[in-house]
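Quick note on labels: first sequence line is chain A, next is B, and so on, each numbered from 1.
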Amino acid sequence: EPEVTQTPSHQVTQMGQEVILRCVPISNHLYFYWYRQILGQKVEFLVSFYNNEISEKSEIFDDQFSVERPDGSNFTLKIRSTKLEDSAMYFCASSEQALVGQETQYFGPGTRLLVL
Amino acid sequence: AQSVTQLGSHVSVSEGALVLLRCNYSSSVPPYLFWYVQYPNQGLQLLLKYTTGATLVKGINGFEAEFKKSETSFHLTKPSAHMSDAAEYFCAVKNTDKLIFGTGTRLQVFP
């Protein structure tokens, strides 16, 4: 069964450093998402991406964050200058459609980011 | 704005007992509702979803949920818990193209 994959599974970085989290969505999916889950808190939406542009972003997704689909398979989340509060589990998700409300989003296993 | 509330951050049941995980939603439009499960060190897996039509929705692993508009609820149930059901369960509502999650309920199953 196709699945969303994410690399790395864990990343430790120093405050102020740039990190890039990578995701390979399911191959025929067109809509891509990033969510995060700070330890002990709820899963929060960060950004959605379609047709090579951001379709929606949350207030968390400020200028320190960017997303890119550099080729036909990868979808990346870059944090330009990490802060301690960026420590969280980051989930990538993809779906075939988005505007059809019942469309299922398929999640990857997550990348646990720790900022020291 | 749409939101979901999950009552009970932890639920403990004995193996073979009924599982009931509560979710209430707030939505000004007919909601699309989802239950996801997260096993330790894994991602979120869809259990079931409600879109339109039948209000009792059956999902994987013997779980089901009933959409009750009058109660704005979408509680998740399973008649008989299994040890392998131990996990964190998230209720979510779809808002445009994003999911809005509840805070999650951790289910423990005792032998």
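Proximity to chain A (any heavy atom under 4.5 Å) is shown, for B:Leu99, by both the backbone and the side chain. For A:Glu3, no part lies near chain B; criterion is any non-hydrogen pair under 4.5 Å. With a 4.5 angstrom heavy-atom cutoff, A:Tyr35 touches chain B only via side-chain atoms. For A:Ser55, the part lying near chain B is the side chain, with the backbone staying farther off; criterion is any non-hydrogen pair under 4.5 Å. If you measure heavy-atom distances from A:Gln105 to chain B, the contacts under 4.5 Å come from both the backbone and the side chain.
Annotation: A:Phe49 is in aromatic contact with A:Phe75 [ring centroid separation under 6.0 Å].
Using modelled atom types and a 3.5 Å distance limit, the side chains of B:Gln2 and B:Ser27 yield a donor-acceptor pair.
Shown here are the side chain to side chain donor-acceptor pair (under 3.5 Å) partners of B:Gln38, two or more places apart in sequence or in another chain: there are none.
Between B:Phe90 and B:Phe101, the angle of the ring planes goes over 60°, which puts this pair in the perpendicular group of the 30/60° scheme.
Between A:Arg36 and A:Glu44 there is a salt bridge, since a side-chain N of the basic residue sits under 4.0 Å from a carboxylate O of the acidic one.
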